[in-house]
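These figures come from a predicted structure and were not determined experimentally. Worth knowing before you read on, the calculation uses all heavy atoms, side chains too, and leaves out hydrogens, waters and symmetry mates. Atoms within each ligand, like the ligands themselves, are counted from 1 in listed order.
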Amino acid sequence: MRILITGGAGFLGSHLSDKLINQGHEIICMDNFFTGRKENVAHLVGNPKFELVRHDVIDPFKFEVDQIYNLACPASPPHYQYNPIKTTKTSVMGAINCLGLAKRTKARVFQASTSEVYGDPTVHPQPESYWGNVNPIGRRSCYDEGKRCAETLFFDYHRENKVDIRIVRIFNTYGPRMNPDDGRVVSNFIVQALRGQDITVYGDGQQTRSFCYVDDLIEGFVRLMNQTETVGPVNIGNPGEFTMLQLAELVLKQIGGKSKIIHKELPADDPKQRRPDISLAKKYLGGWEPKVPLEEGLKHTIAYFKTQV
Ligand code: NAD
Ligand code: UDP
């Protein structure tokens with residue numbers, strides 16, 4: 001198949017490109033390089049099955065493709081809050097442009113949604129049936145509401161125009177090729193520990209997240225895209241739940257060094273807890289479940305960051 005990946009030079013997009021190229025597909029990797037990096041896909045440039053296109057997903061585009069994965073959107077809070085209006089436009093206009101292309105070409109189209117659609121959840125763990133608890137006017141809203149609106153557009157194109165959609169709700173994912181300046185917690189803690197800097201835990205560090213290793217997530221993406229039982233949304237993540245203090249301690253245990261844990265102010269609207277209910281993924285994705293525990297995934301990720309800092 002010929003497959004378009006928007007945001008293909010980012011952390012997740014580059015791993016997805018690798019997997020699909022290895023399966024023999026042709027990839028068009030489209031990116032505006034806001035947070036993505038050419039070095040993430042440098043090893044694919046020159047491969048006749050790989051095309052790298054600089055383009056912004058908010059501007060219309062035309063390709064002849066069989067499948068579309070829409071991943072374009074900055075994912076870390078400092079990056080998506082840098083230009084919040086652009087972030088909303090990226091999610092909304094990007095979804096419209098991908099859906100328009102899918103409608104014309106009859107391509108199947110996949111949306112990278114997020115656990116952020118659950119906001120600061122009052123139901124725990126979060127099943128797909130939970131409608132969420134999102135502040136519509138806060139600092140995280142450009143991302144959360146942009147992704148929620150993208151889901152709305154996907155379902156309306158599906159109902160009105162019979163567009164063949166898939167929606168994944170991704171829970172915190174980490175691994176090699178995260179940008180050292182990304183600003184999300186796993187890369188921050190590892191980079192800080194490798195540099196001998198203090199580890200910045202926001203708030204009291206009792207808030208929780210559930211961390212999925214990138215290989216497990218990408219396997220789930222491809223399974224979701226290629227099955228016909230459900231259009232989603234389907235949660236994909238690792239239900240292992242950790243406080244940020246526990247994560248800091250795990251990183252320090254593996255890296256050692258002199259870093260101390262310090263506390264910084266908790267950002268506004270920071271969700272207190274997050275853990276996926278993955279029953280639907282297990283049911284529809286051919287027995288999929290995450291295989292890589294946090295300690296092991298951290299080991300691979302630390303090895304990568306040692307080459308970067
Ligand atoms: P990332 O920042 O590494 O990748 C995003 C990519 O999109 C980058 O290559 C960036 O340059 C590109 N991009 C951003 N705006 C664009 C635009 N307007 N036009 C074209 N390209 C644009 O982040 P990631 O972790 O790889 O996230 C990929 C997708 O998965 C995002 O949509 C994100 O919201 C979603 N997601 C990721 C996680 C996670 O934990 N990694 C969790 C939930 C959702
Ligand atoms: N966090 C932290 N120190 C950091 C970066 C993040 O303690 O240097 C916390 C953040 O406040 C949040 C959690 O780690 O509670 C996960 O943050 P991240 O930005 O990785 O993802 P998200 O909040 O979008 O799940």
Compare [options] and give the one whose heavy atom is closest to [atom].
atom                    : options                        : result
atom 14 (C) of ligand 1 : Gly175, Cys73, Cys29           : Cys73
atom 11 (O) of ligand 1 : Val53, Asp31, Leu71, Leu12     : Asp31
atom 3 (N) of ligand 2  : Thr200, Asp204, Asp144, Val191 : Thr200
atom 40 (O) of ligand 1 : Val168, Thr173, Thr87          : Thr173
atom 22 (P) of ligand 2 : Arg140, His79, Arg184          : Arg140

If you take all heavy atoms of [X] and [Y], which pair is closest and at what distance?
X      : Y      : value
Val41  : Phe50  : CB-CZ, 3.8 Å
Thr200 : Phe189 : O-CE1, 3.2 Å
Asp269 : Arg140 : O-CD, 3.4 Å
Ser187 : Asp182 : OG-CB, 3.8 Å
Asp59  : Phe61  : O-CD2, 3.1 Å

Output the list of atoms in ligand 1 that are nearer than 4.0 Å to some heavy atom of [X], sorted by atom number.
X      : value
Phe33  : 11 (O)
Gly7   : 6 (C), 7 (O), 9 (O), 12 (C)
Gly36  : 8 (C), 9 (O), 10 (C), 11 (O)
Gly10  : 3 (O), 4 (O), 8 (C), 9 (O)
Ser113 : 44 (C)
Pro74  : 14 (C), 15 (N)
His55  : 19 (N), 20 (C)
Ala9   : 9 (O)

Which of the atoms of ligand 2 are close to [X], meaning less than 4.0 Å from one of its heavy atoms?
X      : value
Gln207 : 9 (C), 11 (O), 15 (O)
Asn188 : 4 (C), 5 (C), 8 (O)
Val201 : 7 (O)

Side-chain donor-acceptor contact under 3.5 Å, [X] with [Y]:
X      : Y      : answer
Gln81  : His79  : no
Gln192 : Ser259 : no
Thr301 : Tyr213 : no

Give yes or no for whether the N/O distance cutoff of 3.5 Å, strictly under, is met between [X] and ligand 1.
X      : answer
Arg184 : yes
Asn32  : yes
Phe11  : yes
Gly13  : no
Ser115 : no
Tyr143 : yes
Asp182 : no
Gly8   : no
Asp56  : yes

task = Examine the proximity of ligand 1 to Asn172 and report which part, side chain or backbone, both or neither, has a heavy atom under 4.0 Å away.
result =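 The answer is the backbone.
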query = Is it the side chain (CB and beyond), the backbone, both or neither of Met30 that lies under 4.0 Å from ligand 1, heavy atoms counted?
reply =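 No part of Met30 comes within reach of ligand 1.
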Leu280 and Asn235: CA distance, side-chain angles, deciding distance, side chain to side chain contact (heavy atoms under 4.5 Å, CB included) verdict = CA-CA 7 Å; Leu280 283 187; Asn235 290 338; over 6 Å; no
Sub-3.5 Å donor-acceptor pair from the side chain of [X] to the main-chain atoms of [Y], do we have one?
X      : Y      : answer
His55  : Pro60  : yes
Lys147 : Ala112 : yes
Asp66  : Arg2   : yes

Decide, yes or no, whether a salt bridge links [X] with [Y] under the criterion of side-chain N to carboxylate O below 4.0 Å.
X      : Y      : answer
Glu295 : Lys299 : no
Asp270 : Arg209 : yes
Lys106 : Asp164 : no
Lys260 : Asp198 : yes

Tell me the protein heavy atom at minimum distance from [atom], and give that distance in Å.
atom                    : result
atom 13 (C) of ligand 2 : Met244 SD, 3.7 Å
atom 1 (N) of ligand 2  : Tyr202 CD1, 3.3 Å
atom 16 (C) of ligand 2 : Arg209 NE, 3.6 Å

inquiry  = Looking at ligand 2, would Pro77 count as a contact under a 4.0 Å heavy-atom criterion?
reply    =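 In this structure, Pro77 qualifies as a contact of ligand 2 - some heavy atom is under 4.0 Å.
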query = Is the closest heavy atom of Arg274 to ligand 2 under 4.0 Å?
reply =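 Heavy atoms of Arg274 do come under 4.0 Å of ligand 2.
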When you measure from the heavy atoms of [X] to every atom of ligand 1, does any distance fall below 4.0 Å?
X      : value
Lys147 : yes
Tyr174 : no
Glu116 : no
Thr6   : no

query = When you look at Arg148 and Glu145, which way does the salt bridge (Lys or Arg N to Asp or Glu O under 4.0 Å) test go after all the steps?
reply = CA-CA 5 Å; Arg148 287 171 67 96; Glu145 298 288 17; 3.6 Å; yes
Which bit of [X] is near ligand 2, meaning a heavy atom under 4.0 Å away: side chain, backbone, both or neither?
X      : value
Asn172 : side chain
Glu116 : side chain
Val185 : both
Asp270 : side chain

inquiry  = Tell me whether the rings of Phe211 and Phe242 are parallel (<30°), tilted (30 to 60°) or perpendicular (>60°).
reply    =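 Tilted.
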Residue Lys89 excluded, over 12 heavy atoms near NZ under 6.0 Å =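 Not more than 12 within 6.0 Å, no.
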task = Taking atom CZ of Phe33 as the centre, report whether more than 12 heavy atoms of other residues, nucleotides or ligands fall under 6.0 Å from it.
result =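 For Phe33, atom CZ is crowded (more than 12 foreign heavy atoms under 6.0 Å).
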task = Using a 4.5 Å cut-off on heavy atoms from C-beta on, say whether the side chain of Gln207 contacts that of Leu266.
result =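 When only atoms from C-beta onward are counted, Gln207 and Leu266 do touch, with a gap below 4.5 Å.
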